[in-house]
Amino acid sequence: MRHERQIELLRRLEAANPSLDSEPWPQAEACVRFPASTYVDPVRFEAEKQILFRQGPVLLGFSCQIREPGSYLVADLGGVPVIAIRQRDGSLKAFVNICRHRGATLAPCNGKVAASLTCPYHGWTFGLDGTLKVRPGAENAFDVPKEDMPLLPIAVAEKHGLIFGRAEGTGPVDVDQALAGAESELADYNLGNYHHFETRETEWALNWKLILDTFLESYHIRTLHRTSIWPEYLANTAIFDAFGPHPRNIGLLRSVLGELEKPEAERNLMPHATTQYILVPSGLITYQRNHIQHWRVSPLGVGRTRVATSIYTAEPAETDKARAYWTKNLDILLGVTGREDFPLMEQIHANLASGAMPEVVFGKLEPGLIHFHTAVARAIGLPEGA
Ligand code: FES
Ligand SMILES: [Fe+2]
């Protein structure tokens, strides 16, 4: 983040007069209630799946994850399996990740091939550009010409080191439009120069929005994370802004208070911050001191969600020491969220699904939650707060 922007954000923080954890910083004008159905209504979930995850552009991943020709990443866009593949000329194509013969999944997980993808069922083989090359042992058994059976293309675009895809619709994806004003700040991170370290997937019995809720307020740090991260982080005080529908929530280390003691021109925010861009609907990009995380959320059902967590580093992890360091970093990250945040969110989902609790309330110190849920409701055509 540019230095002048950091100084401006620290000025706002200073004006709010953060006093460790005693006083909340109310950045929303009023608290807002959302009905429990926000999370548990299957009809609403179908609308979100269709409008946000199938028809809308979704962040698939980072360009640097698939630098080499033949490298590919897979994703689920509202139930549609897709695959984005780096071409020989460096461009990117994306397809429905389903074999044109009888519907098997072509590539079950991220990977790299030399020149073609082969279906695990009967061996049909497709080029990187999606053309059907070979129907082994059965060329004469199909009256349909091979050129009529390429992989089904989907719209894909990459810019600022980010890859966006869309499962439905024929028009191109406009990355800057999808980023809705966040593009210049995200471009400054030079994400294309980062190096993919590792991606791990987990699945949770909860609505997809509860995963993102986890990252949208710092209020819970003092209680839920009392023994893990609270000693290091400020609770009640996070810096909230938004770009179109996308909230940006900056969590703050306690060390930021020392920064406020310095003359303004010498201050830096980034070493004391966890800067989180929630890209509606599926993505969370977090910049944290020496690395970047990408969390991709894939709703599998109204109460079932897959989460892929990736770590990207500024330098490639080429030594055992570096690999051990980043593995431990990912272990800690998934340990805190996997033991403390997401099990609690599963509990919330079950409680709201019981029907015994009519609504949730977001306070004035939870502006990210208010913004996010208002944006999602608006996108699927619901009146505010519905
Ligand atoms: S389903 Fe892929 S080759 Fe038969
Ligand atoms: Fe948390």
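Both counts, for ligands and for their atoms, begin at 1 and track the order of listing. Bear in mind the structure is a predicted one, so any value in this text is a computation, not a measurement.
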Side-chain contact test, heavy atoms from C-beta onward, threshold under 4.5 Å: evaluate it for M149 versus H101 and give yes or no.
no
Should the pair R254 and W230 be classed as cation-pi, given the thresholds of under 6.0 Å to the six-membered ring centre and 45° from the axis?
yes
So, Y189 versus Y312: side-chain donor-acceptor pair below 3.5 Å or not?
no
Positive for side-chain hydrogen bond (donor to acceptor under 3.5 Å, both in side chains) with Y277, one of E185, R248, H246:
E185
In degrees, rounded to 10 degrees, what angle do D341 atom OD1 and H220 atom NE2 make at the Fe ion (ligand 2)?
100°
ILVMFWY network linking I285 to F240, side-chain heavy atoms under 4.5 angstrom
no
If you look at H225, which of its N/O/S atoms is nearest to the Fe ion (ligand 2)?
NE2
In a table with atom names and distances, give each donor-acceptor pair under 3.5 Å that connects a side chain of residues 327-334 to protein atoms at least two apart or in another chain.
from : atom 1 : to   : atom 2 : distance (Å)
T327 : OG1    : R323 : O      : 2.8
D331 : OD1    : R200 : NH1    : 2.9
D331 : OD1    : R200 : NH2    : 3.0

Which protein N, O or S atoms sit under 2.8 Å from atom 4 (Fe) of ligand 1?
H101 ND1, H122 ND1
Contact flag E340/the Fe ion (ligand 2), N/O/S atoms, threshold under 2.8 Å
no
Locate the shortest heavy-atom distance separating L152 from R100; write the atom from each residue and the value.
CD2-NH1, 3.5 Å
